[in-house]
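Input: a single structure, listed below in structure tokens.
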Amino acid sequence: PAEPTLVLRLKFLNDTERLARVRPGDTVGALKRTYFPGQEQQVRLIYQGQLLRDDSQSLAGLNLGHLSVLHCHLSPPSVAPTAPGTPGPRSPAPAALGVGSLALPLFVLLLALLWYLQLQHRHVFTATATTCLAGLTLLVTFVAFAMYRR
């Protein structure tokens with residue numbers, strides 16, 4: 001007699017799901033090889049809060065029912081360490097400069113110019129204008145430290 005099949009729900013972190021048809025006699029490792037070929041080492045299966053570590057464990061031993069949910073976590077592939085002198089993986093290309101990445105340096109440059117003008121031409125700047133310039137400088141300083149602190 002043919003062994004009955006179970007349908008399991010493989011649920012991922014982004015709330016997507018896949019259905020898996022398995023036999024109760026299949027192992028956790030066989031499930032990984034069938035539904036995650038080439039990624040067996042990166043996939044982690046969790047059932048009822050327990051990480052399924054033993055790939056030789058049968059699904060029947062887990063008491064899985066029809067439409068039971070197995071949570072799946074796919075970790076990124078690990079990079080093998082390289083020996084000294086051998087070229088390692090190339091680092092990602094730096095992000096293109098956009099307006100957002102240039103905004104803070106432009107503000108700093110503008111503030112420096114305004115402070116230069118304030119020191120060279122004091123008669124043009126009122127006390128209120130100088131106070132506003134000082135406040136704006138403090139604000140830009142806090143923003144700069146907050147952005148580059150990460």
Side-chain angles (χ1 to χ4, degrees), residues 1-118 129-150:
E3 195 174 13
T5 61
L6 288 173
V7 175
L8 301 177
R9 293 170 45 204
L10 303 177
K11 189 166 185 171
F12 298 88
L13 292 177
N14 61 1
D15 282 336
T16 59
E17 287 189 16
R18 270 172 73 183
L19 295 179
R21 291 193 178 283
V22 297
R23 294 187 304 273
D26 289 346
T27 63
V28 172
L31 174 69
K32 287 180 182 180
R33 281 188 301 279
T34 304
Y35 290 93
F36 304 97
Q39 296 177 310
E40 296 91 350
Q41 300 302 317
Q42 287 97 19
V43 70
R44 302 284 179 257
L45 298 176
I46 301 162
Y47 178 62
Q48 291 184 340
Q50 297 296 317
L51 178 62
L52 305 180
R53 289 189 167 103
D54 185 8
D55 283 353
S56 63
Q57 184 177 19
S58 74
L59 299 176
L62 295 171
N63 297 321
L64 294 169
H66 186 66
L67 294 178
S68 290
V69 176
L70 283 177
H71 294 275
C72 305
H73 175 264
L74 281 170
S75 56
S78 61
V79 178
T82 58
T86 58
R90 294 180 59 193
S91 61
L97 285 179
V99 175
S101 63
L102 294 176
L104 189 63
L106 287 175
F107 268 125
V108 170
L109 191 62
L110 180 66
L111 281 174
L113 177 66
L114 287 173
W115 276 112
Y116 174 78
L117 291 173
Q118 198 277 341
T130 304
T131 304
C132 289
L133 183 59
L136 189 61
T137 303
L138 277 175
L139 179 69
V140 170
T141 303
F142 286 132
V143 169
F145 278 113
M147 281 180 61
Y148 292 110
R149 189 171 153 212
R150 289 186 249 145

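The 12-atom threshold is not exceeded at CD of Q41, counting heavy atoms of other residues, nucleotides or ligands nearer than 6.0 Å. Counted within 6.0 Å of CZ on F36, heavy atoms from surrounding residues, nucleotides or ligands total more than 12; the atom is thus considered enclosed.
For R18, the side chain to side chain donor-acceptor pair (under 3.5 Å) test picks out no residue, with sequence neighbours left out.
How far NZ of K11 is from CG of L45: 15.0 Å, rounded to the nearest 0.5 Å. Interatomic distance, L64 CG to S58 OG, rounded to the nearest 0.5 Å: 9.0 Å. If you take CG on L136 and CH2 on W115, they are separated by 10.0 Å, rounding to the nearest 0.5 Å. Here the straight-line distance linking atom CG of L31 with atom CG of L52 works out to 9.0 Å at 0.5 Å rounding. The distance from atom NE2 of H66 to atom CG of L6, rounded to the nearest 0.5 Å, is 8.0 Å. Residue L59 holds its CG atom at 7.0 Å from OG1 of T27, rounded to the nearest 0.5 Å.
Listed for the S68 side chain is no donor-acceptor partner under 3.5 Å among the backbone atoms of L8. Not a single donor-acceptor pair under 3.5 Å links the side chain of T16 to the backbone N or O of F12.
The two residues T137 and T141 have their closest heavy-atom pair at O-OG1, 2.7 Å.
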Using the side chain to side chain contact (heavy atoms under 4.5 Å, CB included) rule, take V28 and L62 through it: C-alpha gap first, then chi angles, then the decisive distance, then the call. CA-CA 10 Å; V28 172; L62 295 171; 4.2 Å; yes
List the steps and the verdict of side chain to side chain contact (heavy atoms under 4.5 Å, CB included) for C72 and Y35. CA-CA 11 Å; C72 305; Y35 290 93; over 6 Å; no
Determine, step by step, whether R9 and L19 satisfy the side chain to side chain contact (heavy atoms under 4.5 Å, CB included) criterion, reporting the C-alpha distance in whole Å, the side-chain angles of both residues, the deciding distance to 0.1 Å, and the verdict. CA-CA 5 Å; R9 293 170 45 204; L19 295 179; 3.7 Å; yes
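Within the structure, salt bridge (charged side-chain N to carboxylate O under 4.0 Å, His left out) pairs that include any residue of residues 33-57 comprise K32-D55 (at least two apart or interchain).
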